[in-house]
Structure formats: C-alpha cells, structure tokens
Amino acid sequence: MMKVAVIGCGAAGLYSAILLKKNNREYEVTVFEKEEKLAKKVYATGNGHCNVLNKKLLANKYNNIPYFKNLLKDFSYASLKEELSSWGVMLLENGDYVYPLSFSASSFVSYLLSYGEKLGVRFLPAKKVSDYEKTQDGYQICDQIFDKVVIATGAKSSPNLGSDGSFLSVLRRHGYQWNEFKPGLAPIRVAENVKSLQGIRHHALVKASSDKKQIFEEEGEVLFKKDGLSGIVIFNAESALFREKTLISPKITIDLFPEHSFYSLCDKLNQAKIKNPEYYLSSFLVSALADYVTKEAKNKNVDQIAQTLKHLTFSVTGSYGFEDSRVSLGGIPLNEVTPFLESKKESGVYFVGEILDADGYCGGYNLSWALISAILVSKHV
Ligand SMILES: Cc1cc2nc3c(=O)[nH]c(=O)nc-3n(C[C@H](O)[C@H](O)[C@H](O)COP(=O)(O)OP(=O)(O)OC[C@H]3O[C@@H](n4cnc5c(N)ncnc54)[C@H](O)[C@@H]3O)c2cc1C
C-alpha cells in the first residue's frame, strides 16, 4: 500500500491530502502539522471570509508570467470550481473574488478537515517534522516509513499563523537552494511624514516605480497608516516592487482623482475656489488630506494643486516585513521541480504551495496556486 506523508497542514497540504485520498482510497495519507490548530492561516484569509479562487485567474497576476501562462492552459476557474464542487464545497462569487458559500473561512476549514477525516486522511497536529531521511524502503519521518513525501511547509509570512521558515534548515541539509524569501503583499513604509493622514481611506490610481521606471499600476483603495500606506492595491504594489532584483529610489505615486483628467480637475477646482477661496480643497478631500496636499504643492495655484492631486508621490523606505505580509516572494525555483512538482534532486519528494517560488496578487491567486499545485502533485504521486 502506498504511504504518503504530507508535511504541513496549510491550504496546500490540506488540499493535497484530500486529493490524494479522494483519488486513491487505498493510499495511506498522513499529515504532519507543527501547530496544534490545523490550517491556522486559512482562518485568517480574506479577512475571515477566505477568498478561495478568482474568476479571471490571470497569468499576469503571478510573479512568473510565462510559467503561469503555460500552466493555466490546463487550469481554469471553471475546472477549479468543479474540483471543489466534487468535494461538496459550494462557492459564492462576488465580482471576480470567489469565497466559500458560507462566506466564512472557519466553516470552510471545518468542512475540509471533516471531509478529509471522512476520506480517511490521518491528521497529526502538534507534530513538527525536524527531518526526513532516505532509507532503502522510502523516507523515514518520525519513526515511520513513507513511499512519497509532499512538502507543504509554506514560507515565512505571518509566522504567528504557522509558517515561520524553520523547515528551510531541513531543506538546506538536503542540498536545496532557493530564491531569497522576501515579504510580499504587505504595507509599505514611506519617508514622508504621513502621521496626520492615519486612518484615511481614499480611492486612487496607484503607480509604483524603481529607478524612474514604472513597474505597477492599479486602482483601488489606499489606507494611510501612521508611517506608511496600506490597502489591497498597496499590497500588490509592494509585491511588484520587491519582486525586483534591485530597487533604486522606489516610489509610489498616487492619483487621487483618476476619474478626472488634469484639465477637468483644474476646472472643478477653479469652480470651487470662486465659492470658497480658502477651504475649497476640503470639498474634494478629507480635510487632513487636503492640508497635506496643500503643503506638498510647490505653490498654491490651482494648476499646482491639481498636479499634486494627480501625482502625490511617496519615497518607499521598505516593507512592513514578514509579520504583516500575506505571501512570501521567493522560494524553491520552479525549474528545480518537474511539471508535476516532484523534486529533481530527490525522487518521491514533492513541493506544493508557498514554499515554491510562485506568488500572486490579492484576489484569491495564492489559494488558487495552493489548489493547482495540490492537483498537479495528486496526479503524479
Ligand atoms: C492574513 C492573510 C490573509 C490571506 N488571505 C488570502 C486570501 O483571501 N486569498 C488568497 O488566495 N490568499 C490569501 N493569503 C495567502 C494564502 O493564505 C497563502 O498563500 C496560503 O495559505 C499558503 O498555503 P501553504 O499551505 O503553502 O502555506 P501555509 O499556509 O503557510 O502552511 C504551511 C504549514 O506548514 C506548517 N509547518 C511548517 N513547518 C513545519 C514542520 N517542520 N513540521 C510540520 N508542519 C510544519 C506550518 O505550521 C503551516 O501550518 C492570505 C495570507 C494571510 C497571512
């Protein structure tokens, strides 16, 4: 009988275990998880709602566009939805974002764990794997021998939710190298004093640049923090910036009124200024942001104010780090594994999820990758 060990019970490990057991009832599938709580990170996803898939599933939302362009020829939103539906998971579509029908991450986890148990998956919580060793009969993990091993230990983001990068020392002993891990999908620290803006939310067009070259553009809600910027669009911008090998004078430029051209904005500002010359900007923006823009503008004429409103620029000093990051950039390079994610170094060892160098933007792209990688592995093991 084929014995499979899955190391790590995050989304990717849990999906893998379910798929392996569902497709091969005769397999013995054991999941080792170092935390007492299984799938701890999934509870926190999508603000507790779990944005499980994305309807568009676009390759250009991932770090490695050629790889995903090729991969997504075999996977579509419809095929992933069908897979989840075959487990009894019902979905709720909200624009392109897709959630479990319950709109509850914790109900989703409870459902998956009970479904896994029903299939016969053996879950071992609070069981940290400190190594795996090749023997004549397979791989030894905690005194048991397995034919195949699926490594689903995640990376370094949000270490309070389990994945703290501690398994990397094991992989190093096995001769693996990886692309440096960096925090992705995180708030950004800026050099400017934005304390007065803390808590303000504003819909804007956000551009990110390095060495004066634009590398990102997207509309969304920016949330000002006491020393930086946050919000989904900023998380995506942060990933785009920190995916770069070298960053030179990285900047975030915000167009506070993307729906207006510079000239139509000037027009509107002039109209308001006639009515209330001193406070006209407060008719466009929350007062604290209006004051900030007025200070930033080189002079106070309407052209300069409009220019600043369309190009409010911040110097990026860094990311908020792994503690505040939703995904890790970097990982085991995809060219170190076969198309079915089996290690090229150790036969019978597979990788799934965030430990691989594959990451996406917000909107369900990372949980989609967890599912796709689990499907790939389950087809081969
Ligand atoms: C706050 C937050 C919200 C998010 N929201 C979304 C969202 O809505 N949609 C989306 O697509 N993505 C979201 N993400 C990203 C997504 O959750 C992750 O990319 C995905 O869960 C990664 O799954 P994984 O299984 O690869 O890794 P992880 O979830 O990190 O799981 C790895 C598991 O392995 C365990 N482990 C590590 N080492 C060992 C060991 N030695 N022995 C045993 N077990 C070990 C860890 O404890 C952990 O449970 C969010 C992330 C965060 C932090």
Side-chain angles (χ1 to χ4, degrees), residues 5-17 30-54 57 61-63 80 94 96-100 103-105 108-109 112 123-132 141-142 149-171 173 181 183-187 230 232 235-236 239 320-329 331-332 341 351-374 377:
V6 178
I7 309 177
C9 189
L14 181 53
Y15 287 159
S16 301
T30 305
V31 183
F32 294 88
E33 168 54 54
K34 72 177 174 66
E35 300 291 313
E36 263 178 41
K37 192 169 175 175
L38 298 169
K40 203 171 168 188
K41 190 178 284 174
V42 183
Y43 287 88
T45 56
N47 270 332
H49 302 300
C50 187
N51 180 191
V52 69
L53 293 177
N54 188 288
L57 205 58
K61 299 286 179 182
Y62 287 100
N63 61 330
L80 297 180
N94 181 3
D96 291 334
Y97 287 24
V98 182
Y99 301 86
F103 204 43
S104 157
F108 181 59
V109 175
L112 293 183
F123 291 105
L124 301 179
K127 197 91 182 151
K128 182 172 177 169
V129 174
S130 46
D131 208 347
Y132 61 97
I141 297 175
C142 305
V149 180
V150 179
I151 297 176
T153 48
K156 290 184 159 185
S157 294
S158 295
N160 58 320
L161 300 174
S163 52
D164 54 6
S166 57
F167 200 72
L168 294 172
S169 57
V170 178
L171 294 179
R173 280 203 293 280
F181 282 104
L185 300 182
S230 187
I232 285 176
F235 298 159
N236 291 344
S239 277
Y320 268 55
F322 285 112
E323 276 70 21
D324 289 297
S325 110
R326 277 139 198 81
V327 77
S328 294
L329 314 176
I332 303 283
L341 309 183
F351 291 93
V352 285
E354 220 177 290
I355 183 79
L356 286 160
D357 189 357
D359 70 88
Y361 285 159
C362 290
Y365 282 92
N366 290 301
L367 288 173
S368 296
W369 166 240
L371 180 57
I372 291 170
S373 58
V377 164

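Order of listing sets the numbers, starting from 1, for every ligand and every atom in it.
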What atoms in ligand 1 come closer than 4.0 Å to a heavy atom of [X]?
X	value
Lys128	41 (N), 42 (N)
Phe32	43 (C), 44 (N)
Lys127	43 (C)
Asn366	11 (O), 12 (N), 15 (C), 19 (O)
Gly353	26 (O)
Asn51	7 (C), 8 (O), 9 (N), 10 (C), 11 (O)
Ser158	53 (C)
Gly154	27 (O), 30 (O), 32 (C)

Could you check [atom] against the protein and tell me its nearest heavy-atom contact, residue, atom and distance included?
atom	result
atom 20 (C) of ligand 1	Glu354 OE1, 3.8 Å
atom 1 (C) of ligand 1	Ala44 O, 3.8 Å
atom 28 (P) of ligand 1	Lys41 NZ, 3.9 Å
atom 38 (N) of ligand 1	Thr153 CG2, 3.7 Å
atom 41 (N) of ligand 1	Val129 O, 3.0 Å
atom 13 (C) of ligand 1	Thr45 CG2, 4.0 Å
atom 43 (C) of ligand 1	Lys34 N, 3.2 Å
atom 10 (C) of ligand 1	Leu367 CG, 3.4 Å

Report yes if [X] has an N/O atom closer than 3.5 Å to an N/O atom of ligand 1; otherwise report no.
X	answer
Glu33	yes
Ser163	yes
Ala12	yes
Ser368	no
Ser325	no
Phe167	no
Gly46	yes
Val42	no

Ignoring hydrogens and geometry, is there a side-chain-to-backbone donor-acceptor pair from [X] to [Y] under 3.5 Å?
X	Y	answer
Ser325	Ser157	no
Ser373	Val352	no
Ser169	Ser166	yes
Asp359	Asn63	no

Of the options Leu367, Asn54, Leu53, which is the one that meets Val98 in a side chain to side chain contact (heavy atoms under 4.5 Å, CB included)?
->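 Output: one option passes, namely Leu53.
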The single option from Lys34, Lys41, Lys156 passing side chain to side chain contact (heavy atoms under 4.5 Å, CB included) against Ser163 |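 Option passing the side chain to side chain contact (heavy atoms under 4.5 Å, CB included) with Ser163: Lys41.
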Look at ligand 1 and say whether Ala370 reaches it with a heavy atom at a distance under 4.0 Å.
->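 It does not, in that no heavy atom of Ala370 comes within the 4.0 Å cut-off of ligand 1.
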Does some side-chain heavy atom of Ser230 sit less than 4.5 Å from a side-chain heavy atom of Phe235?
->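 Of all side-chain heavy-atom pairs linking Ser230 with Phe235, at least one is under 4.5 Å.
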Close side-chain approach of Pro159 to Glu323, heavy-atom, < 4.5 Å =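 Pro159 vs Glu323: side chains touch.
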Which segment of Trp369 sits under 4.0 Å of ligand 1 when only heavy atoms are counted |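 It is neither part, as no heavy atom is under 4.0 Å.
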What part of Ala152, side chain, backbone, both or neither, has a heavy atom within less than 4.0 angstrom of ligand 1?
->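 It is the backbone that gets close, since no side chain atom is under 4.0 Å.
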Take the angle between the ring planes of Tyr15 and Phe108 and call it parallel below 30°, perpendicular above 60°, tilted in between.
->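 Rings of Tyr15 and Phe108: perpendicular, over 60°.
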Assign the ring pair Tyr97 / Tyr99 to parallel, tilted or perpendicular, where the plane angle (0 to 90°) is split at 30° and 60°.
->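 Tilted.
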Is the count of non-hydrogen atoms from other residues, nucleotides or ligands lying under 6.0 Å from Asn47 atom CG greater than 12?
->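 No - once you tally the heavy atoms of other residues, nucleotides and ligands closer than 6.0 Å, there are 12 at most.
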